[in-house]
K.L.:
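Supplied in structure tokens, the structure appears directly below.
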Amino acid sequence: MTDSAHFTDLRSLLGALAASMDLIDANLERHHERTAYLAYLIAEEMGLEAELAYQCVYASLLHDVGAILSDELPDVREIEREARQIASLGAGMLRDLPGMEQIAGVIEYSQCSWQSATRCRRDADESCQRLMTCSGIIYLADRVAVMLDPKAPVLTQARNLRRIVASCRGTVFCPEAADAFLRLSEREFVWLDALLNPRFLLIFTGEITSLSLERAVALTKIMSRIIDFRSPFTAMHSAGVAASASALAELAGMSREERLMMEIAGDLHDVGKLKVPRRILEKPGPLDQDEMDIMREHPYYTRLILMSVKGFEQIANWAGFHHEKLDGSGYPFHFGGEDLDTGARILAISDIFSAITEDRPYRAGMTKEESIRILRSHGENGGLDPALVGLLCDHYEEIDRRRALASKAASERYTAFGGVRAETAETAEWREGKRCVFRTRGV
């Protein structure tokens, strides 16, 4: 078992978060790493202490997280048009998470021009002034990253971008940040790295902040919120799976550390769904073959993202295997019982249990009797572990209580951040039961 006091590190975890943001849309790919790369270099050139430089990196990786609440996922240029609102939403999503208070503060002002920020800074205390310095750096780095065209010669672009930054110094951009950028951007490698290899940032950013297993659990709630906030159909699913899996793991005799790892796996098991278009996630009827092909990819991307996190190897397997079946009929790996350990089996059961018991916009959750019938059927047919299914059924009320509490809290967070959209006629028809049939379809 990995040392729980040094289970992973913040840089590794936020790097995975940036990679998960890249799944959302091809137009966002590597934008956040580019912004973080440039922000770090600017902070370093300005001589900021390491703590502030790291805050610039982390906030850059997360600065557009509020875009997940948009009705239609915008591309990076559309995000810029709604940047202030997106920054405010993103800060609100993160502020109550342990260790993220200051990063949320940086994000709050990361889309303010220097003139706007100066008005805010007049009455700010020293701590706020420091955070707003980071925000000014991110604002500059973000604008440069947006203007970079991956399809055009980068050094030719560099001359024009340097002219733009120089002309906006002291008005749009913080003068100290602009001066630092103009100095460091004379070096050709900066532009080449920014365009071609921004992930290099994750290698050289200096001292790594270790995270305990407990703090890793808290911080993975960021990714869980992003996953769930994509759609009202999934607004509480990850929280319900995490609570159910942790409860079942405890009953199965897993250690405290394993239960915490199981909670992380439950929270993040659907991170790969960030790559699935919302039109598929929110389709209330059966998916056609092409749509199902897209849906069946998501566990692969979940495992791919989580495998990049130091210390998450076991978690990545549990989360990535949640649609595998003991008889080998699952997807996308088609593993059988000999390949699926207790954690993977628990998560597969918890995923189905949460999906059928939670309320969705198009149907109410199943009753206890209906849920037990579905789960036992999966166990008898060779898909799920019958012993673990029996354990859940024997302790149904306790596990369902924990699932319901976690799901309710997640649903309330979703609603509080404005994540309620108008119901379509098709969804209403399904919800009213005119065409409603039960389907699991990879939820």
Side-chain angles (χ1 to χ4, degrees), residues 228 232-254 258-259 262-263 265-267 269-270 284-287 295 299 318-319 321-331 335-337 340-411 430-433 435-443:
D228 284 352
F233 282 32
T234 61
M236 53 191 175
H237 181 62
S238 296
V241 173
S244 302
S246 178
L248 187 53
E250 183 176 1
L251 291 169
M254 296 181 77
E258 289 171 321
R259 296 198 302 272
M262 186 63 68
E263 183 175 350
D267 275 330
H269 77 286
D270 271 346
L287 302 183
M295 181 65 79
W318 290 345
F321 298 161
H322 70 276
H323 281 297
E324 302 299 317
K325 305 297 182 186
L326 298 186
D327 61 6
S329 65
Y331 63 89
F335 288 149
L340 303 172
D341 65 10
T342 300
R345 297 176 185 212
I346 285 174
L347 200 60
I349 294 170
S350 301
D351 182 51
I352 294 177
F353 171 70
S354 296
I356 63 180
T357 52
E358 65 199 18
D359 292 332
R360 295 289 177 89
Y362 55 87
R363 61 155 171 82
M366 287 188 172
T367 64
K368 173 183 176 180
E369 291 73 20
E370 292 172 321
S371 300
I372 288 177
R373 178 178 58 80
I374 291 289
L375 291 169
R376 289 199 186 278
S377 174
H378 279 289
E380 292 166 1
N381 292 336
L384 300 179
D385 186 310
L388 290 170
V389 166
L391 188 62
L392 185 151
C393 294
D394 290 343
H395 298 83
Y396 185 96
E397 286 80 7
E398 172 60 19
I399 295 175
D400 191 50
R401 182 187 67 82
R402 290 169 64 169
R403 178 206 59 78
L405 287 173
S407 296
K408 181 175 183 291
S411 180
W430 278 84
R431 179 180 55 77
E432 291 168 6
R435 295 159 53 197
C436 188
V437 294
F438 173 70
R439 52 185 171 67
T440 58
R441 80 124 186 253
V443 285

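As the structure is a prediction and not an experimental result, all values here were calculated from the model. Numbers here are sequence positions counted from 1.
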K.L.:
Working to the nearest 0.5 Å, report the span between OG1 of T367 and CD1 of I372.
P.N.:
8.5 Å
K.L.:
Only one of E324, H269, H322 clears side-chain contact (heavy atoms from CB on, under 4.5 Å) with P299; which?
P.N.:
H322
K.L.:
Are D394 and L251 close enough that some pair of their side-chain heavy atoms sits under 4.5 Å apart?
P.N.:
no
K.L.:
Just list the side-chain donor-acceptor pairs under 3.5 Å for residues 381-392, sequence neighbours left out, or say none.
P.N.:
unit_1: N381; atom_1: ND2; unit_2: S377; atom_2: O; d: 3.1
unit_1: N381; atom_1: ND2; unit_2: S377; atom_2: OG; d: 3.3
unit_1: D385; atom_1: OD1; unit_2: A387; atom_2: N; d: 2.9
unit_1: D385; atom_1: OD1; unit_2: L388; atom_2: N; d: 3.2
unit_1: D385; atom_1: OD2; unit_2: R345; atom_2: NH1; d: 2.8

K.L.:
Going by side chain to side chain donor-acceptor pair (under 3.5 Å), name the residues that satisfy it together with R373, two or more places apart in sequence or in a different chain.
P.N.:
none
K.L.:
Name each donor-acceptor pair under 3.5 Å that joins a side chain in residues 239-250 to protein atoms two or more places apart or in another chain, with its distance.
P.N.:
unit_1: S244; atom_1: OG; unit_2: G240; atom_2: O; d: 2.8
unit_1: S244; atom_1: OG; unit_2: S354; atom_2: OG; d: 3.4
unit_1: E250; atom_1: OE1; unit_2: R402; atom_2: NH1; d: 3.3

K.L.:
Carefully, step by step, assess H378 and I349 under the rule side chain to side chain contact (heavy atoms under 4.5 Å, CB included).
P.N.:
CA-CA 9 Å; H378 279 289; I349 294 170; over 6 Å; no
K.L.:
Please identify each residue that fulfils side chain to side chain donor-acceptor pair (under 3.5 Å) with R403, with sequence neighbours left out.
P.N.:
T357, D400
K.L.:
How long is the span from the CD1 atom in I374 to the CE atom in M366, to the nearest 0.5 Å?
P.N.:
4.5 Å
K.L.:
Report the C-alpha separation of D228 and S238 in whole Å, then their side-chain angles, then the decisive distance to 0.1 Å, and conclude whether the side-chain hydrogen bond (donor to acceptor under 3.5 Å, both in side chains) test is met.
P.N.:
CA-CA 7 Å; D228 284 352; S238 296; 2.9 Å; yes
K.L.:
Rounded to the nearest 0.5 Å, how far apart are CD of E358 and CE of M236?
P.N.:
5.0 Å
K.L.:
List for me each residue that meets ring pair (Phe, Tyr, Trp, His ring centres under 6.0 Å) alongside F321, sequence neighbours excluded, and say none if there are none.
P.N.:
F333, F335
K.L.:
Taking only residues two or more places apart in sequence or in another chain, which ones pass side chain to side chain donor-acceptor pair (under 3.5 Å) with E263?
P.N.:
K221
